[in-house]
Amino acid sequence: MVVFQEDCLKHLKKFILIGMLLPGVLAAGGADKGMKEIIERVRAEAGPLTFGRGAVYSPSIEKYFRFYGLDIDGVDHNFGYVESGGYRIMVHVFRPEQVKGTILAVHGYYDHAGVLKHVIREMAGRGYAVFVYDQPGHGLSSGARVSINDFSEYVKVFRGMSDLCRKELPGPYHIIAHSMGCSGVIDYFLNGGPDDFGNVVFIAPLIRSAAWKTSGVGSWLVGSVFDSVPRNFRQNSSDPDFLAFVKADPLQDRVVPMSWVKSHRRWFKSMKRLDVVCGRPVKVIQGTKDTTVDWKYNMKFLRKRFSAVDISLLDGGGHQLINESGPILEQTLDLAGEWISPNDPK
């Protein structure tokens, strides 16, 4: 009788989940097949990261650069992998001719270096080297796709990348992080990571997700039935070209692993338990139409944990502030640039 009841419950969960997830499957679309083949060649052809100027890359790698807008005129570009935290991490380094410091740029969930192209161009144009890497399980880096056993692994890789920046590139060293990229940096600071960074910018930081309350129920429903669910492509920007690009992007995964959801929930609870206040100044840029993160809660959290936080709310901005429509994108980049480099001429 007990086995019969458990089987009935399992089938009921499946029935409910199929109804919930089918719209996400239909909306997902497909990746650009031609670019998908090029990406596979890039994975095979990419070598270890070197820092010499004037690097030359294969035609496939050059096509990859162009597709993601990473072919920036007048900027030296190094690309390759490093081993960090048990992962093979793919790294891009962009250096203008005269460098006045280095930006460590950290992308969000599902994303990769190419999604940060506007940030890279803005900061390189201001005279900074930009060091950007694909997080574990994202982009061209190794690891289970868009999954993680524990958020501490993101922090470990961040430490490795910041050490490499200090070794190879000129200071001072600043941080610009987006969404989940902020999570690892927040963890780093609140858990006592060495703070010799200059200026820090968090854009649409992920602390608690907008679906926090339902994700608990969802993980219970899904956990005993599926390892993952189809991704629902959100309207997270007002730029239709970006939204179309994401659906065609072969580096954008199309599932949500339940292991990542559970890891995020554990991480959030650990952050909430911390009784720590960090005194370092932090700039936060947040859109008021962000439906990916619980931004009102997150702003309260940051005010409580960072005593010198400066928050700018952008009216009408979605979660992808770094890929928004013209005026909002311009405002985002201006705010970030002014915080990183306040003495630049207007």
Side-chain angles (χ1 to χ4, degrees), residues 65-79 91-108 111-135 139 161-162 165 169-182 185 197-205 236-239 241-242 245-246 249 281-287 290 310-346:
F65 292 164
R66 287 195 296 274
F67 184 80
Y68 290 104
L70 299 174
D71 53 338
I72 305 174
D73 292 338
V75 173
D76 209 70
H77 185 182
N78 294 95
F79 168 70
V91 177
H92 298 258
V93 179
F94 302 85
R95 284 178 293 175
E97 187 173 345
Q98 299 295 323
V99 176
K100 60 184 180 184
T102 298
I103 308 293
L104 179 55
V106 194
H107 69 74
D111 292 340
H112 51 83
V115 178
L116 291 170
K117 66 179 180 180
H118 297 302
V119 171
I120 294 166
R121 289 172 180 270
E122 174 72 18
M123 298 316 301
R126 288 175 177 259
Y128 290 93
V130 182
F131 182 109
V132 56
Y133 63 96
D134 289 348
Q135 298 235 46
M161 297 300 99
S162 61
C165 275
L169 298 168
Y173 306 97
H174 311 288
I175 300 171
I176 298 179
H178 174 244
S179 189
M180 186 192 75
C182 303
V185 181
F197 288 100
N199 300 315
V200 176
V201 178
F202 294 149
I203 301 175
N236 56 13
S237 167
S238 60
D239 183 347
D241 291 337
F242 173 73
F245 176 81
V246 168
D249 181 0
V282 172
K283 179 68 174 181
V284 179
I285 308 171
Q286 175 63 57
D290 190 336
D310 184 289
I311 298 175
S312 292
L313 298 180
L314 302 192
D315 188 34
H319 187 63
Q320 277 285 350
L321 288 173
I322 55 175
N323 288 286
E324 264 286 6
S325 57
I328 300 175
L329 173 62
E330 183 178 351
Q331 194 175 1
T332 300
L333 296 176
D334 284 347
L335 286 167
E338 289 167 8
W339 187 264
I340 293 291
S341 189
N343 297 321
D344 282 353
K346 302 293 183 183

Hey, could you give me the [atom1]/[atom2] distance between [X] and [Y], rounded to the nearest 0.5 Å?
X: D315; Y: Q331; atom1: CG; atom2: CD; value: 9.0 Å
X: H118; Y: L321; atom1: NE2; atom2: CG; value: 12.0 Å
X: W339; Y: N199; atom1: CH2; atom2: CG; value: 7.0 Å
X: I340; Y: I103; atom1: CD1; atom2: CD1; value: 4.5 Å
X: N236; Y: N323; atom1: CG; atom2: CG; value: 8.5 Å

Looking only at heavy atoms, what is the nearest atom pair of [X] and [Y], with distance?
X: A105; Y: V130; value: CB-CG1, 4.2 Å
X: A113; Y: D134; value: N-OD1, 2.9 Å
X: V185; Y: A177; value: CG2-CB, 4.3 Å
X: F94; Y: L70; value: CE2-O, 3.5 Å
X: I322; Y: L329; value: O-CD1, 3.4 Å
X: V99; Y: P170; value: CG1-CG, 3.4 Å

Look at the rings of Y128 and H174 and say which category their plane angle falls in: under 30° parallel, 30 to 60° tilted, over 60° perpendicular.
-> perpendicular
Pair L335-L314, side chain to side chain contact (heavy atoms under 4.5 Å, CB included): steps then yes or no | CA-CA 10 Å; L335 286 167; L314 302 192; 3.6 Å; yes
Only counting residues at least two apart or in another chain, list the ones meeting side-chain hydrogen bond (donor to acceptor under 3.5 Å, both in side chains) with [X].
X: H178; answer: none
X: S238; answer: E324, S325
X: Y68; answer: D249

Please walk me through it: do N78 and R95 pass side chain to side chain contact (heavy atoms under 4.5 Å, CB included)?
-> CA-CA 9 Å; N78 294 95; R95 284 178 293 175; 2.8 Å; yes
Validation row, ring centre H107 to ring centre H112 under 6.0 Å |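 No, too far apart.
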Do the side chains of V75 and R121 get nearer than 4.5 Å, heavy atoms only?
-> no
Minimum side-chain heavy-atom gap P205-Q286 below 4.5 Å =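 The answer is yes; the side chains approach within 4.5 Å.
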Criterion side chain to side chain contact (heavy atoms under 4.5 Å, CB included) against I285, the qualifying member of V201, I176, D334, L313 = V201
Chi angles and distances behind the side chain to side chain contact (heavy atoms under 4.5 Å, CB included) call for F65, I72 | CA-CA 9 Å; F65 292 164; I72 305 174; over 6 Å; no
Which residues share a salt bridge (charged side-chain N to carboxylate O under 4.0 Å, His left out) with [X], sequence neighbours left out:
X: D239; value: none
X: E122; value: R126
X: D310; value: K283

Would V282 and F202 satisfy side chain to side chain contact (heavy atoms under 4.5 Å, CB included), going step by step from the backbone distance to the final call?
-> CA-CA 7 Å; V282 172; F202 294 149; 3.4 Å; yes
Keeping the roles fixed (side chain from T332, backbone from I328), state whether a donor-acceptor pair exists under 3.5 Å.
->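 Here the side-chain-to-backbone pair exists.
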